[in-house]
Structure formats: structure tokens, C-alpha cells
Amino acid sequence: MPTSWADSVSAAENLAAAAPPKSAYVPPHLRNRPASTDPPAQASYAGAAASGQGQSGYGGPNVGGSRWSGPRNDFQSGYGGGGGRGGGWNSRTGGWDRGREREANPFAEDDAEPFVEPENSGINFDAYEDIPVETSGDNVPPPVNTFAEIDLGEAVNQNIRRCKYVKPTPVQRHAIPIVLSGRDLMACAQTGSGKTAAFCFPIISGIMRGQFPRPPRPRVAFPLALILSPTRELSCQIHDEAKKFAYQTGVRVVVAYGGAPINQQLRELERGVHILVATPGRLVDLLERARVSLQMIRYLALDEADRMLDMGFEPQIRKIVQQMDMPPPGVRQTMLFSATFPKEIQRLALDFLSNYIFLAVGRVGSSTDLIVQRVEYVQETDKRSHLMDLLHAQRANGAHGKQALTLVFVETKKGADSLEHWLCMNGFPATAIHGDRTQQEREHALRSFKSGNTPILVATDVAARGLDIPHVAHVVNFDIPNDIDDYVHRIGRTGRAGKTGLATAFFNENNSSVARALADLMQEANQEVPAWLSRYAARSSHGGGKNRRGGNRFGGRDFRKDTSFNRGVTDYYGGGANMSSGYGASGGYAASYGGAGVTSAWD
DNA sequence: AAAAAAC
């Protein structure tokens, strides 16, 4: 076991260096890396804009009432003609980007990668092959092994190549066929496992091959798909990714979030939108102004769904999903994704789902092998000097000429401000991100951190979820969150894409309420649990309380399997699906899940 | 109790 932070890092680096490079599989976060040698995109699509006159309809910049395709079968035409003919989807690219402006190449800025490193270094590829997967629900479609098995169409296939995706990740292998088959889905998978692509690919494909009525009113946006996320930065990130997947497919992706001028967002919406990515507040605003209608929504995806349905967000989500004009479950297709899925939230989620499939994908490399978790006992008053010690060690250990990125989580916005200030005063280049900063400041902080200009970022939970920040070597839980799921999300900012990472937590009396949950979690992740923490855990846990996770090596477990849920409640299955059939786990893991909830497929 | 999310 490593004994110091510096040791942990060098051990991690050795481990990385020792891993033999393979070429076949590239996890999501190492993709898009070196400048692509793709030919200019238009070349392959030159002359493709040649279909009927209706094609300028959808999203056409200046067509008032006929933004949607004129001939109703325009989306359809050409699809099914086989990959070789290319007349179908490509023809639609002539629609909204023809003439006036060209669709910006979303792959262009991938060259600006500041961290140069050999492709594929240090990735535990084999770990991806062994990931346990659990599915439950009626008639679960079988997973696919390659992108070729799924007919996503030539335009999307080309984007997959541009993204340098060679092979679907586990969550993609399972989720894509499920969504393509039209089923609702609740998916537990770590962020960084390729979730975004898992729901974007089938949505884009579905929009390309579907037939949709033309939008009934001008000056109102009628998206076909809605993707909601809990933070503005995460919405931006999803939007950026989705743009890549939808490049030159004719499918328009627009993002809307608060803190930024609404006018530009309105203009984008007016040009037409198939997929709207949004944070809840701004979307409600747009709905109330009647600039967006949800009546044509066919796909609804909630990212970080457990956060979206928790107390803070639930009313807004209910308003958007249930009290506006969105089609009900069963008519639309609903997908919920998160790395954690507490039972109470799963129960809540029933209101939004219809006969759904539950999917749990284990983490890469048996849970958190790739993240070394340490807990240190630090009095409140000693936290700053202790942090300084860690940062000094890290600096001494200096990697690649640049200081490794360190993400420091604190509980409050005030705490973030004052810690940032203190670090800067003490010669550590730090910046901070939290909800009281302007959106400009937030985005600047994130950029500065990502680029390595400011290698220390102090953050509240605004940065805990979903954000993909490559090269974070160390997550410090300066304040330990009261909800253990938040801890899981926070440490997930490191150790991404098969890379190793370190997570250090400062524990003291104030955290005794999570001692048990933290100890259990670490134990389960094969981490060394300090004896003093175990004593805290034994002392302060009376019956477990609400902080007990349905622990296993997945982010969660289908609560429909709980006896306490099943007893006397037979009506939860959207439309009375047959409970007794179909709930066997497909992978042979069922037996492992019958017990106390801590057993896992790998025990 | 705090954080996030609209103007």
C-alpha cells in the first residue's frame, strides 16, 4: 500500500508505464486526441445537398412557417438504401446549413490538446472486457459488440470514426440496442464510461429515420429530443459532444442554459432544433415565454438523473415533464442515466417511465481500482496546512514539467472563495468555481484549470458531476459531503478513461454521519480502511439510516427486485407488465443480487 | 445545512 501521496502518484505512474499499449480499443476520454487527418468534411459530402425542395424546410434560416421538412417523408427518404448509397441522410445536410452558413466543424479544435502524451498509454484495456453488467426488465435486447452491428447510418459512422471510437464501451454495447428498440431505460454507469454517446447515437439515428409532422407554429421551437442536466457546464459539455455525433447528419443540436444572454440561444432555436440540451431553469423560462414547445418530444434523457429528481430539482422537472405539453411515458421514450441511483429516486422515477429496462454497468477495473482512495483524520483548523503539505509533495513530485491537476472540493461557496484566496496568497496557483460566480467566471475557471494554467481548482458540488476534465490526478475532499453518493461523483472526476487517480478525504468529527457509508464504500472498492475510521463506522451507525447504499460494484441495483418494494405493490410497472417474467438478470448475476445487497457478481 | 437552477 502506498504510504504517501507522492508514493501513490509514482506508483500510479509506474503502473501506467508498465501497461502494454494495445491498439484496438480507445476509451472515450482518450479519443479525439491528435489532430485528425480527416479530409475536409465537405469533400465527402460534396454535392450531397441535392434532394427535394423540402430539405431546406427544417431549420431553414428564413422560411418562417416551414422550418420542418416539406415532404413528410424527407427524413425517411434514402434511409434503408444501405450504407453505400448515401443519398438519404446526406441529402438532408443541404437543409439548414446550405447557402448561408456552413456547419462549424466540431472536430476542429481537438488539435488544441495541451497535454501531449502517447496515445493509449496507461490504459487498462482488459479491464473493459471484464466489466460486470446487469440488466433487468422484460425482453431485454441483446448487446452488440461492434458499432457495425448497429446500423446507425453512414453519416454517424463517419463521426464515430472521426471520434476515433473503435469499439463501443460496455454501457454503449447494452444501452444503444435498448434505446433503438424503443424501450425506456434506467442506466447506472459511471460518467466517463461513454454515457453521452450511449444516448445520443440512438436519438440521432431515430431522428434521422423517423417521420415527424411539421411544426405547427412559426417562431416556436419544437424539439424532438430533450436532454436535461443539472449544471450549465455539463449541458455545454453534452452539447459539444452531441454536435460531434450529429455532424453533417442534418440533425440540429441546440443548447440553452442560464447565466448567458438568452438572445443568442433564441436565435439558435429559431433556426430549428431537433435535439435540445438544457438546464431546467432556462428551459422553464423558454417554455413560459412560449418560445419552446415540448409537444413533439419523442426522446427525453435525464443525465445525472438522481440529482435531477432529488429535492432541489424535482419540482422543476415535474413541471417540464408533466405539466407542460410533453407527451406522456409510452408515447415519448425516456432515458435516465446516472452513476448512482438511490432507491427512493428510483421509486420517484417510476412516474416518468414506462415498462423500462434497468441497466447497471460496473466500473472499469473492478470498481475503483484505478482510484486510490485515502482518508486522513484532519481537524477542521488543520485542513489548510494539511492541504498545503499535500500540494507541496505533489509539486516536488512534479510531473511532466507541469503540475498535475488537483481538484479540491469544499462544502460551501464561501469556503471555496476563501480557500482559493488563501491558496493564491500562499503561492499556489488556484482558481475556483461555484454557483455565485458569473457564468463567465465559471467558464474561465474551468478553462484555466483544464489547460493547466491554474492547476488547482477549488469547487463546490457544481463540479462534482459529469464534468469530463482529463488529467485530474488528484481529487481532495477538503470537506466530505454528507451524502456518500456525492463523494462517489466527486472522486469520479479522476481515474477517468482507465487512467489512475488519487482521492484524498479530510475526515473529522463533523463527518461521523457518513463514516459507515464511507468505510463500506472503501472496503468494497478494495481500499485500505484505516482502523480509526472503522471504529467511527461501528460507533456512529445505528441501523444504517439513509446513507446506506445498495452497495455493490455497480452504481446501483434495480429496486424492483427488492422484496420490500415487491410486497403488495404490483402496479408500478408502467401498464402492468408481467412482473414475474423477465426480471432474471441476463448475465447470470441474478443469484448474487438476492442477498443483503453487498454481494456482487464478482465475489 | 448547502448546493444547483431563470430573469
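Remember, it's a predicted structure, so these values are computed and weren't measured experimentally. In what follows, every chain begins at residue 1, and chains take the letters A, B, ... in the order their sequences are listed.
- A sub-4.0 Å separation between OP1 or OP2 of B:dA4 and a side-chain N or O of A:Thr460 is present.
- Base engagement by A:Gln316 is indicated by at least one non-hydrogen atom pair under 4.0 Å involving a base atom.
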Report the C-alpha separation of A:Gln265 and A:Tyr257 in whole Å, then their side-chain angles, then the decisive distance to 0.1 Å, and conclude whether the side chain to side chain donor-acceptor pair (under 3.5 Å) test is met. CA-CA 8 Å; A:Gln265 293 174 7; A:Tyr257 56 87; 5.2 Å; no
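- For A:Glu288, whose side chain is taken as the heavy atoms from C-beta onward, the closest listed nucleotide among B:dA3, B:dA1, B:dA6 is B:dA6.
- Using a 4.0 Å heavy-atom criterion, one finds that A:Arg289 contacts no nucleic acid atom at all.
- At the heavy-atom level, A:Gly435 lies under 4.0 Å from the strands shown only through sugar-phosphate atoms.
- Within the 4.5 Å cutoff, no side-chain heavy atoms of A:Ser354 are placed close to those of A:Gln333.
- Atom CG in A:Leu287 sits roughly 14 Å away from atom C1' in B:dA5 (whole-Å rounding).
- The environment of CD in A:Gln440 is sparse: at most 12 heavy-atom neighbours from other residues, nucleotides or ligands sit within 6.0 Å.
- Taking side-chain N and O atoms only, A:Thr412 has no distance below 4.0 Å to OP1 or OP2 of B:dA1.
- When rounded to the nearest whole Å, the span between CZ of A:Arg490 and P of B:dA2 equals 15 Å.
- Between B:dA4, B:dA1, B:dA6, one nucleotide has an atom nearer to the side chain of A:Lys413 than all others, and that is B:dA4.
- For the pair A:Arg437 CZ and B:dA3 P, the computed distance is 13 Å after rounding to whole Å.
- Within 4.0 Å (heavy atoms only), A:Val462 reaches sugar-phosphate atoms of the nucleic acid but no base atom.
- If you take CD of A:Glu233 and P of B:dA3, they are 16 Å apart, rounded to a whole angstrom.
- Distance CG (A:Asp483) to C1' (B:dA4): 14 Å, rounded to an integer number of Å.
- Among the atoms of the strands shown, none is found under 4.0 Å from any heavy atom of A:Arg307.
- We find that CG of A:Asp306 is positioned 14 Å from C1' of B:dA3, with the value rounded to whole Å.
- Side chain of A:Phe313, nearest nucleotide from B:dA4, B:dA6, B:dA1: B:dA4.
- Comparing A:Met311 and A:Arg442 by the nucleotide of DNA chain B that holds the closest heavy atom to each, the one mapping nearer the 5' end is A:Met311.
- In this structure, A:Asp417 places its CG atom 10 Å from P of B:dA3, rounding to the nearest Å.
- Looking at heavy atoms from C-beta onward, A:Val458 lies out of side-chain contact with A:Phe409 at the 4.5 angstrom threshold.
- Rounded to whole Å, atom C1' of B:dA4 lies 16 Å from atom OH of A:Tyr257.
- In this structure, the ring of A:His444 has its center no less than 6.0 angstrom from the ring center of A:Phe449.
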